[in-house]
Structure formats: structure tokens, C-alpha cells
Amino acid sequence: MITLEECAQFAALETNELFTGAVFSSRHQSLLSSYRLNLKRGPSAVRKMIVSDIRAAIDLGASKYAADLVLVLRMFLSKHTEARISQQTPRM
């Protein structure tokens with residue numbers, strides 16, 4: 001799995017958006033599977049959806065859920081390298 005620093009780089013997340021503390025469980029696998037249902041939109045679109053949901057969780061003060069989503073994002077970007085924002089691509 002990619003590191004938190006790589007996750008931030010590949011998804012254009014700020015340091016304050018990288019909640020930690022989630023321990024992998026079957027719930028995370030289920031959540032990842034639900035995002036993968038949207039792969040027909042493209043891997044980048046799925047990455048954007050997860051990042052948007054992380055930011056929404058942060059805005060709501062749901063830090064545990066944000067940590068869960070960061071873990072899901074790390075899992076997604078580990079398997080779907082084409083969804084990563086490259087160094088040459090401008091950040092959103």
C-alpha cells in the first residue's frame with residue numbers, strides 16, 4: 001500500500017486532510033468496492049469522489065470516517081495507479 005505522503009501527492013490532499021488511525025477491516029473493503037462500482041466513469045473520477053467525500057467528512061467533523069476514507073483512498077490508489085495525479089499534472 002502507498003504511504004500517506006504518496007497518497008497526499010497522488011490525490012492533491014493537504015497535510016491537514018490526512019486523518020490516520022483507521023485499521024483495515026472488511027468494512028473498508030466494502031467501502032472500496034462501492035467506489036469501484038463507479039469505475040465506468042474512469043479511475044480519476046473515482047479518486048475525485050473519494051477525495052470529495054474525505055473533505056465532506058472533515059467539514060462535518062467526522063474525523064473517524066475521514067480516516068476510514070483516507071485508508072480507502074490509499075488502497076484505491078495502490079491498485080489503480082492510473083488514477084494518481086502525476087507530478088506534471090496541475091493540482092486541483
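Quick caveat: nothing in here was measured; it's all calculated off a predicted structure.
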Shortest non-hydrogen contact between [X] and [Y], atoms and distance:
X: Ala83; Y: Phe76; value: CB-CE2, 3.6 Å
X: Ser78; Y: Ile2; value: OG-N, 3.0 Å
X: Leu73; Y: Ala11; value: CD2-CB, 3.7 Å
X: Phe10; Y: Leu77; value: CB-CD1, 3.9 Å
X: Ser44; Y: Glu82; value: OG-O, 4.1 Å
X: Ile58; Y: Asn16; value: CD1-O, 4.4 Å

* Run the numbers on Leu32 and Lys79 for side-chain contact (heavy atoms from CB on, under 4.5 Å), then give the verdict. => CA-CA 11 Å; Leu32 177 59; Lys79 296 216 181 204; 6.0 Å; no
Flag side-chain contact, heavy atom, 4.5 Å: [X] against [Y]:
X: Leu69; Y: Leu31; result: yes
X: Glu17; Y: Val51; result: no
X: Leu18; Y: Glu5; result: no
X: Met1; Y: Phe24; result: no
X: Asp53; Y: Tyr35; result: yes

* Structure fact -> Residues at least two apart in sequence or cross-chain that pass salt bridge (charged side-chain N to carboxylate O under 4.0 Å, His left out) with Arg36, listed by chain then number, are none
* Take Ile50 and Arg47 through the side-chain contact (heavy atoms from CB on, under 4.5 Å) test and state the conclusion after the steps. => CA-CA 5 Å; Ile50 299 170; Arg47 173 189 34 83; 5.9 Å; no
* First locate atom CD1 of Ile54, then atom CG of Asp59, and finally report the distance between them rounded to the nearest 0.5 Å. =>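 Result: 12.0 Å between the selected atoms.
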* Does the pair Arg41 and Val46 meet the rule for a side-chain contact (heavy atoms from CB on, under 4.5 Å), with working shown? -> CA-CA 7 Å; Arg41 298 172 143 182; Val46 175; 5.6 Å; no
* Asked: Given the rule in the side-chain contact (heavy atoms from CB on, under 4.5 Å) test, do Val23 and His28 qualify, once you have shown the distances and angles that lead to the verdict?
  -> CA-CA 9 Å; Val23 178; His28 294 102; 6.0 Å; no
* Check: Ser30 side chain, Ser26 main-chain N or O, donor-acceptor pair, under 3.5 Å ->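 Judged by distance alone, yes, a pair lies under 3.5 Å.
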